[in-house]
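A short write-up of the structure that comes next.
No hydrogens, no waters, no symmetry mates; every other heavy atom, side chains included, goes into these values. By convention in this document, chain letters (A, B, ...) are assigned in the order of the sequence lines, proteins followed by strands, and residues within each chain are numbered from 1.
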Amino acid sequence: MRWSQLFTKTRREVSSSEAAANARLLIQAGYIHKEMAGVYAYLPLGKRVLDKIANIVRQEMNGIGGLEVQMTVLQPKELWQKTGRWDDNKIDNWFKTRLKNGSELGVGLTHEEPIVDAVGEYLKSYKDLPLLIYQIQNKFRNELRAKSGLLRGREFVMKDMYSFAASPRQHDEIYQTVLEAYGRVYARLGIGEITFRTFADGGIFTDKFSDEFQTISPVGEDTILVDRSKKVAVNQEIMRSPGLAKLGLNTDSMENARGVEVGNTFHLETKYTDALGVNFTDAEGKQQPVYMGCYGIGISRLMGLLAEHFADDKGLSWPDGVAPFKVHLLSLGQDKKIIEAADGLYDLFNSKQVEVFYDDRPARPGEKLADSELLGIPHRLVVGHRFLQDGRFEYAARRDLSKAGLLTEEQIFATIL
RNA sequence: CGGGAUGUGGCGCAGCUUGGUAGCGCACACGGCUGGGGGCCGUGGGGUCGCAGGUUCAAAUCCUGUCAUCCCGACCA
């Protein structure tokens, strides 16, 4: 993509009414647009990052047999009444609306009921199990207080997966598989080292703990205790839980930290399947209950976390896997030979399917260089006066601008791509 | 939802205390000079001062209400 085709611009200043560093950076760089508190639109660059994150999650979920679906945002009241969750005292952060005829509807904040309802139509035999179904969609929660930019919104992008198993044992196997896939997701996002499986409150359906994935960050909302050697953590909320002792952790010696919850997996037992009448026939012809788990990853929250974590005083600095483009190409100067060389390199990248962002604006060098650092694309190539001298391009990695070097066209493709 | 703060061209801000012609920077448009770290000069367009009442000869400024935004807390099944 050429910058001249892009409608967004970077800015020098960001509204003081946006305090969160992640949102300020993303707004300054033109990745997102704030619609209202806790509600952000994703502009071309931001949409690319969001999709990159979603695709990493998608690949890992597909890799363990997950089947992607798209569920509805509008949900019928009757379905939720069957599980007792329509009541505002049970779930108080729903957006609800009405049909013209007066019927009440829910605006999707989670999809256990609709998923079970839909899957139940097909799930009849032990031969149909296990099942892993997931969705990557916008979800809506009427938070009393949105905060921290993309970290806690009222409309957000979430991956939710739901597992269906024929027995507690089969459920545990699936659950373990999902945990491993989650670990791969965070590793690919570049936050594997600072993200910990964290024991947390399991919710009202089970006496088991749930597992959160907490990424250590000063902007985290949760307080956790971390054991780096065992690569696990404990949410402070379960410090007084009777089950804590069984974990075999010495919480006295664990490190206190703030964490951003970037994932959460629950054991749902048979709560939803029972309530919605979904069961299966076993090999002996008997009806048996279906054991469920649910597994969330906040896609847009991850984008906020990554923006916040991978940044310095010059701007964003995306990990390779989620950057909107791999290469930031920019021409400095209006010399025809420079423009021609930059155009040629741009075409070459495109022909080799290398994702390239080409700053072809007739702007001043300082502005273009500063913008490249703000946008945070991992690899920068400058076509400038050095090219006129000896035909080489100036290369710098966003993470290490001090180690800039000169490369020939061949070296570019041999060393950095 | 409790407490605190803030709303002035697209963005960042000043003006408000002590009421009297709405201003600066950035951005934008045009012209010129520049050309490796957000450069310079000139010209121009764009604002019912969040909204609604009230006080006053007169309100961005004072009063009341309301909406929005941010922060702290509570909440986050």
Quiz prompt | A:Pro114 side chain reached by A:Asp117 side chain, heavy atoms, under 4.5 Å | solution = no
Practice problem: Look through every strand shown and name the nucleotide pairing with B:rG12 as Watson-Crick or G-U wobble, where both distances are under 3.5 Å. | Solution: B:rC24
Quiz prompt | Residue pairs fulfilling ring pair (Phe, Tyr, Trp, His ring centres under 6.0 Å) with at least one residue in residues 8-54 of chain A, sequence neighbours excluded | solution = A:Tyr31-A:Trp318
Quiz item: For A:Glu221, which contact category applies under a 4.0 Å heavy-atom criterion: base, sugar-phosphate, or nothing?
Solution: nothing
Practice problem: Please measure how far the P atom in B:rG50 lies from the corresponding atom in B:rC13, and state the result in whole Å. | Solution: 15 Å
Practice problem: Using the test side chain to side chain donor-acceptor pair (under 3.5 Å), find all partners of A:Lys314 that sit at least two apart in sequence or belong to another chain. | Solution: none
Quiz item: What is the nucleic acid contact for A:Gly384, judged by heavy atoms within less than 4.0 Å: base, sugar-phosphate only, or nothing?
Solution: base
Exercise. Just jot down the ring-ring contact (aromatic ring centres under 6.0 Å, His included) partners of A:Tyr175, sequence neighbours excluded, or say none.
Key: A:His171, A:His267, A:Tyr295
Practice problem: Using the closest heavy atom to pick a nucleotide of RNA chain B for each, name whichever of A:Leu109 or A:Ala146 lands nearer the 5' end. | Solution: A:Ala146
Quiz prompt | Nucleotide opposite B:rA58 in a Watson-Crick or G-U pair, distances under 3.5 Å | solution = none
Quiz item: Which part of the nucleic acid, if any, lies within contact of A:Arg380, taking any heavy atom under 4.0 Å across all strands shown: a base, the sugar-phosphate backbone alone, or nothing?
Solution: base
Quiz prompt | Between B:rA22 and B:rA60 - P atom distance, rounded Å | solution = 8 Å
Quiz item: What nucleic acid atoms does A:Ala37 come within less than 4.0 Å of, heavy atoms only: base, sugar-phosphate, or nothing?
Solution: sugar-phosphate
Self-check item: Pair partner, B:rU69 [Watson-Crick or wobble, under 3.5 Å]
Solution: B:rA5
Quiz item: Under 6.0 Å from the six-membered ring centre of A:Phe413 and within 45° of its axis: does the NZ or CZ of A:Lys352 meet both?
Solution: yes
Quiz prompt | Integer angstrom distance from the P of B:rG45 to that of B:rC63 | solution = 36 Å
Exercise. Among residues two or more places apart or on two chains, list those pairs meeting salt bridge (Lys or Arg N to Asp or Glu O under 4.0 Å) that have a residue in residues 370-390 of chain A.
Key: A:Arg361-A:Asp371, A:Glu373-A:Arg380, A:Arg386-A:Asp390, A:Asp390-A:Arg392
Exercise. Quick one: label A:Glu112 by what it contacts on the DNA or RNA (base, sugar-phosphate, nothing), any heavy atom closer than 4.0 Å.
Key: nothing
Exercise. List for me each residue that meets side chain to side chain donor-acceptor pair (under 3.5 Å) alongside A:Lys77, sequence neighbours excluded, and say none if there are none.
Key: A:Glu104
Quiz prompt | B:rC40 pairs with, by Watson-Crick or G-U criteria that keep both distances under 3.5 Å | solution = B:rG32
Quiz item: Nearest-Å distance, CZ (A:Arg152) to P (B:rC72)?
Solution: 12 Å
Self-check item: Under-4.0 Å side-chain N/O to phosphate OP1/OP2 contact, A:Lys139 with B:rC76
Solution: no
Quiz item: Touch check for A:Lys34, heavy atoms < 4.0 angstrom, all strands: base, sugar-phosphate only, or nothing?
Solution: sugar-phosphate
Practice problem: Would you classify A:Ile27 as touching base, sugar-phosphate or nothing, given that sugar-phosphate means primed atoms plus P, OP1 and OP2, and contacts are heavy atoms under 4.0 Å? | Solution: nothing
Self-check item: Identity of whatever pairs with B:rA77 - Watson-Crick or G-U, under 3.5 angstrom
Solution: none
Quiz item: Taking the inter-plane angle between the rings of A:Phe95 and A:Phe140 on a 0 to 90° scale, is it parallel (under 30°), tilted (30 to 60°) or perpendicular (over 60°)?
Solution: perpendicular
Quiz item: What string of B, S and - do you get for nucleotides 3-13 of chain B 5' to 3' if you count protein non-hydrogen atoms under 4.0 Å?
Solution: --------SSS
Quiz prompt | Nucleotide opposite B:rA52 in a Watson-Crick or G-U pair, distances under 3.5 Å | solution = B:rU64
Quiz item: Mind checking the C1' distance from B:rA14 to B:rU43? Whole angstroms is fine.
Solution: 25 Å
Quiz item: In whole Å, what separates the P atom of B:rG12 from that of B:rC70?
Solution: 13 Å
Quiz item: Under 4.0 angstrom, heavy atoms only, what part of the nucleic acid is A:Glu394 near: base, sugar-phosphate, or nothing?
Solution: base
Quiz item: With both distances under 3.5 angstrom, what nucleotide forms a Watson-Crick or G-U wobble pair with B:rG47?
Solution: none
Quiz prompt | Salt bridge A:Lys231-A:Asp227, side-chain N to carboxylate O under 4.0 Å | solution = no
Quiz item: B:rU69 P sits how many Å from A:Arg154 CZ, rounded?
Solution: 7 Å
Quiz item: Rounding to the closest angstrom, what is the interatomic distance between B:rU61 and B:rU17 at atom C1'?
Solution: 10 Å
